[in-house]
Amino acid sequence: MAEVNLAQALNRALDIALSEDERVVLLGEDIGRTGGVFRITDGLRDKHGSERVFDTPVAESGIAGAAFGMAIAGLRPVAEMQFLGFSYPAYDQIINHVARIRNRTNHRFSAPMVIRMPYGGGIGAAEHHSESTEAIYTHIPGIKVVAPSTPRDAAGLLLAAIDDPDPVVFLEPIRLYRAVKEDVPDTPDRVPIGPIRLERKGDDITLISWGAMLKETRAAASALESEGVSVEVIDVRTLAPLDREGIVASIEKTGRAVVIHEAALSGGLGGEIAATISERALYSLRAPVRRVAGWDTVFPLKRSEAHYLPSVDRIVEVASKTLED
Amino acid sequence: MAEVNLAQALNRALDIALSEDERVVLLGEDIGRTGGVFRITDGLRDKHGSERVFDTPVAESGIAGAAFGMAIAGLRPVAEMQFLGFSYPAYDQIINHVARIRNRTNHRFSAPMVIRMPYGGGIGAAEHHSESTEAIYTHIPGIKVVAPSTPRDAAGLLLAAIDDPDPVVFLEPIRLYRAVKEDVPDTPDRVPIGPIRLERKGDDITLISWGAMLKETRAAASALESEGVSVEVIDVRTLAPLDREGIVASIEKTGRAVVIHEAALSGGLGGEIAATISERALYSLRAPVRRVAGWDTVFPLKRSEAHYLPSVDRIVEVASKTLED
Amino acid sequence: MFRLLNPDGSVRDRLPITLEEMKALYADMVEARMYDTKSIAMQRQGRLATYAPFRGQEAAQIGAAAALAEGDWVAATYRDAALNWRAGYPWGLLILGRTGDERGGEVPADVNVLPPSITVGGHMIHAVGLAWAEKLKGSERIALTSFGDGATSEGDFHEAMNFAAVFATPTVFFCQNNGYAISYPTSEQTKSETIAVKADAYGMPGIRVDGNDVVAVLVAVREAAARARSGEGPSLIEAVTYRLGPHTTADDPTRYRDSEESADWEKQDPLERVRILLERQGSWTEDWQNELEESASAVIEEAVEWAEAVPEPTFDQMLKRMYAEPTAPLLEQLGGETR
Amino acid sequence: MFRLLNPDGSVRDRLPITLEEMKALYADMVEARMYDTKSIAMQRQGRLATYAPFRGQEAAQIGAAAALAEGDWVAATYRDAALNWRAGYPWGLLILGRTGDERGGEVPADVNVLPPSITVGGHMIHAVGLAWAEKLKGSERIALTSFGDGATSEGDFHEAMNFAAVFATPTVFFCQNNGYAISYPTSEQTKSETIAVKADAYGMPGIRVDGNDVVAVLVAVREAAARARSGEGPSLIEAVTYRLGPHTTADDPTRYRDSEESADWEKQDPLERVRILLERQGSWTEDWQNELEESASAVIEEAVEWAEAVPEPTFDQMLKRMYAEPTAPLLEQLGGETR
Ligand SMILES: Cc1ncc(C[n+]2csc(CCOP(=O)(O)OP(=O)(O)O)c2C)c(N)n1
Ligand SMILES: Cc1ncc(C[n+]2csc(CCOP(=O)(O)OP(=O)(O)O)c2C)c(N)n1
Ligand SMILES: [Mg+2]
Ligand SMILES: [Mg+2]
């Protein structure tokens, strides 16, 4: 049991999966020799062999489609998209094939596979490298979408995703890869896909977020607490299927909620969450459910990142406004 | 001025655009010789020539990407995806390129183009032919998304989309192609992209929908009116950018709203609309904003369509419940 | 172009198959054609949703499937009913699927045929993953993917061919070049001399065969399958054939092709040449033909009856086949939130 | 492989260009290399975001761009700074872009070079659409797209090549095969003998040239451009070269390739062979070299100063460049809903 960061936790989970289950194989661009651009698969090719951890040509649709075929044939492929922004060429494979084979064959065939995607901004990366378009995946019936924000959840959810009988899109917050450290057991417990994680208990307001934005959300919560506000923080963690009960229960208690995400406001997952709260906890609401999100723009390049990323100040400001209503 | 259906109105609009503006070209699978599987481009190749109306190989990414290049070079391409469900291979071109060139070049280059997509179910079509995944497009900054439900809007919005300096995804409700007739002037007025259309004025409740679901929504409104309920019906018609003001204004009046769409509930555009209403009109709301939508499943094949499609009864039932609160 | 059996029933070389095999292939083609005819009739009667006829392509489909072994994987298209059937997909399930019922995709446990792909192009890479998995598992199985001329224009064709070659997966790429992608002729679909030549771009063997010669197709696919099984990797086979019917029951071919063309191809009928050959060898008689047709039609009628006897699909079934276990939102929706 | 100028500076045939042209090409390569070196240094100092060096590929990039005419379209990649610059993209804007500023893509009105494509593969089809539009407009313009060996695996490469061939668009496909796609060697990326041979799959001419021979590249691209301009359609050119530096400033090549390999390629330096040739002809002197470097570095320093003097981008600018006119949601957000 040692302190590891989120990237190391993922690497450990993959190592464990490869060791425990011979059906597990890893494929993706540059994941073998170099261990991936973020080193998440570092050392795994040497340890488990190039028959199970392989580099592929630059072709995302091919990666997803080949992994899909492997899954149908009984393997447990874990495919990597080098960045979420490069998963779009695979979108057709994911929505039209990966997500549908069970439905199309009434359970005769299924696609137990994981598609890992580093996502989110904040590191001054080039175009397309900072996307957080989780909403285009959470709207796809037939898959599950997960986004951890702590090393324990990262390892536990990834192991659960690999065990899952259905396909899982696994979003890894780039900004947090090396930003957070935590004790993670050598064999981490599976973390069930579905339930939210109550990151912090409180009575006055609920801040709801996931993935990398938990960083700013935590900071905002502390700032508010220092002003005497009792803040509850929800790490949604499983973005699809959504744990509506878990979220609504919190708002029934606090009566106030702010949803925070990095993706563009319009059409973002925050809308689904705010709509759910407003529909099911309307009579508990003491203020409108507000959203702090990215603007309706492309995620900008390095010099404008600060203009785009929801800041601790923005969260505190909107939360304070919500507390005043 | 003659009665035409939605399909004929679209054909007329394309004919006018080709006649008025030599920069306009049409491309897509089977749109030339056969005039498209729904005959929307019927006769246009013979009239305007195979230099301006051409069939392409079966390659959606290629169609979108080539049209994009044409638009940058000064043409006004109108590309057709044979069905929305076959637009997914073009998703990368649309989100990473079509939607971003203006931002990427600070207005130096732009992509004035239209991508037409027949969408929606109800005709017992094969797999992938009944999709209504508008939400994956309405979340893309840099494009606009339109979905008419009447012949006049179809012609007027299509002409406006072709004029628009920015790319427009144009969703055509298959179920309504030949279901509704209306007088459409020989040279239809442009219908501005943006504002909602108030289909019916009322005081007790607002039913909000777009595209093909307007059919069931209108029927439900009539049913409710016959019970003495005064129903307001909003045809959203421009799905992105959303006319939040127009929608909220109605609910500030009626205090009650039901959003109806065909797409799967979770992550559908209804969430964005319900969240907007709840945030901005909370204190006017006399009941929770409910959603009548498709289930969280793939759109089913013919024999199960009735199980899936939101019915007039479901809308009436949920509206009644909302009226009781 | 590789051909063994000429349209007039004459033979190029000694045929590498026995008379019995030949008779079996003929019988299969007869049964397939009857299924096709029956399906069109049923569609007209409103008993089937849109149907994609394969008349004219029986030799390509039966020949290809006949070259496969038990347990081999097949990923084919909406037009490949004959191929899928010969590979183990029961007529009844194919019909059930065409009535508009997802349960038509629930093939028996010992059948490794994926449901017909409706998207053009997306399924070829699946046959690469399937074959790759079998290779990694060390099994003998291979995967065959069938697709059309139009599908070769999709980016997914390229990625599938490249992956198969790069990872030497035991995959057979079987293209039925039937002259059209709906209304778009193959001559416009690509400017390459043939579709077979596209294999060069992947360092993969490519061969062009007469798709209306069931023996040539059988031989070509057998060789490709053997190559794959022995670890030598994938191959591309272009079977040159023609769609005698419409694209689907909703299509009107007169809008894009002239009747002479179709008439010429009618003369190259894939069944007729085998019939003539068998007749010359004294193995075909009117009586035998009648026997074949009677037993075939009995089999198909039975399949139709079975399919039409399947109870209407329910709301619950629709929601319960999305995941191994319904997710929380689905459970709520099953709970019968107003339908 | 087509080559005119050997690594040792000896010449295969009479060179089809004048001494002055040769000197100009050399001068451009020197300036490009200085830009590359400067950029790496600036990145280390934190003045640029990640940078993708092109050292070793100067001949391919300068040779290709030198073959183009005024107003021709260029759609190239993040590694093609030299190519884009030679085609008219100002150093200053290239640098501005690399500092992480969208305004770096705002090329002058008379420059038809698209901003460097960061996605691999997606931009090739744009050059097909651009060229197609020029053809429809009846202009003389053509489009050149530059891409790497890795990009040839993307489905979009296939669709772009096919569309270009089918519609005979005036497009030049220029592939810099520099041996690697990040860590993945070209030998694994595809099993085709060459990348040039892939042209056969589209009925398009394909040629393989020594990418480190600036003259051979110039000649090959000139011919392809002439073909395109005269309405004969697209061509594929594979320029065989090598990335001497890391994939980007964030990459460590020692993880995937050995130093001997790189050392061998250093001996094939694209600038050196031209220098030797010019020296033999008495046209290269230490002094001239110094002149070139001084003026080049002055130009580049000026560009850097210009770029770094551009005021910080504002919040409003970010929201105002999404559409011709900000949409209602953006106007609200501009209205300064809490930032
Ligand atoms: C991705 C995708 N794009 C478009 C379609 C619409 N479509 C159905 S069949 C077809 C033509 C396919 O032609 P081909 O591959 O030659 O097969 P054939 O129908 O001739 O057997 C098209 C374009 C589709 N089903 N999927
Ligand atoms: C669609 C897409 N997938 C993956 C990446 C990540 N990526 C950036 S460069 C690169 C390798 C490209 O290699 P090549 O085409 O040979 O160009 P080179 O870098 O060698 O110049 C990859 C995989 C990307 N940018 N875009
Ligand atoms: Mg065909
Ligand atoms: Mg390369």
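Chain A is the first sequence line, chain B the second, and so forth, proteins listed ahead of strands; every chain is numbered from 1.
Partners of B:Ser320 by side chain to side chain donor-acceptor pair (under 3.5 Å), not counting sequence neighbours: none found.
Contacts between residues 242-260 of chain B and chain A, defined by a heavy-atom separation under 4.5 Å, are made by B:Arg244. Contacts from residues 80-95 of chain A to chain B, taken as heavy-atom pairs separated by less than 4.5 Å, involve A:Gly85, A:Tyr88, A:Pro89, A:Tyr91, A:Asp92, A:Ile95 in sequence order. The contact list for residues 98-110 of chain A toward chain B, using heavy atoms and a distance under 4.5 Å, reads A:Arg100, A:Asn103, A:Arg104 by residue number.
With contacts defined as side-chain heavy-atom distances shorter than 4.5 Å, the pair A:Ile208/A:Thr206 qualifies. Side chains of A:Phe299 and A:Glu305 form a contact here, defined as non-hydrogen atoms less than 4.5 Å apart. Considering only heavy atoms from C-beta on, A:Tyr137 comes within 4.5 Å of A:Ile143 through its side chain. Here the side chains of A:Phe170 and A:Met117 are not in contact, with every heavy-atom distance at 4.5 Å or above. Taking 4.5 Å as the limit, every side-chain heavy atom of B:Val168 sits out of range of all side-chain heavy atoms of B:Val145. Taking the side chain as every heavy atom from C-beta outward, A:Phe68 and A:His97 approach each other to under 4.5 Å. Side-chain contact between B:Ile196 and B:Arg237 is absent, with no heavy atoms from C-beta onward closer than 4.5 Å. When side chains are defined from C-beta on, B:Glu272 does not count as touching B:Thr138, because their heavy atoms never get closer than 4.5 Å.
Under a 3.5 Å cut-off, the side chain of B:Arg291 and the backbone N or O of B:Ile273 do not form any donor-acceptor pair. Formation of a donor-acceptor pair under 3.5 Å by the B:Glu279 side chain with backbone atoms of A:Arg290 is not found in this model. Formation of a donor-acceptor pair under 3.5 Å by the A:Glu262 side chain with backbone atoms of A:Gly121 is found in this model. In this structure a side-chain-to-backbone donor-acceptor pair under 3.5 Å is present from A:Ser132 to A:Ala263.
Annotation for B:Ala287 and B:Asp325: closest pair CB-CB, 3.5 Å, computed over non-hydrogen atoms. The shortest non-hydrogen separation linking A:Ala275 to B:Gly271 is CB-O, 3.5 Å.
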So B:Leu207 and B:Ile315, side chain to side chain contact (heavy atoms under 4.5 Å, CB included) or not? Walk me through it. CA-CA 9 Å; B:Leu207 302 185; B:Ile315 301 170; 4.3 Å; yes

For the pair B:Tyr119 and B:Glu131, evaluate side chain to side chain contact (heavy atoms under 4.5 Å, CB included) and give the outcome as yes or no after the intermediate values. CA-CA 6 Å; B:Tyr119 90 101; B:Glu131 312 278 305; over 6 Å; no

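For A:Ile136, the parts lying under 4.5 angstrom from a heavy atom of chain B are both the backbone and the side chain. Both the backbone and the side chain of B:Leu265 come within less than 4.5 Å of a heavy atom in chain A. Of the atoms belonging to A:Val298, heavy atoms from both backbone and side chain fall under 4.5 Å from chain B. With a threshold of 4.5 angstrom between heavy atoms, B:Glu127 approaches chain A through side-chain atoms but not through N, CA, C or O. Heavy atoms of A:Glu60 lying under 4.5 Å from chain B are absent altogether. With a threshold of 4.5 angstrom between heavy atoms, A:Thr276 approaches chain B through its backbone and through its side chain.
Heavy-atom pairs under 4.5 Å with chain B were tallied for A:Ser266, A:Gly270, A:Ser278, A:Ala281; the largest tally goes to A:Ser266. Note: B:Asn96 leads B:Asp296, B:Leu282, B:Asn96, B:Leu285 in heavy-atom pairs under 4.5 Å with chain A. When each of B:Gly267, B:Gly268, B:Pro300 is checked for heavy-atom pairs under 4.5 Å with chain A, B:Gly267 comes out on top.
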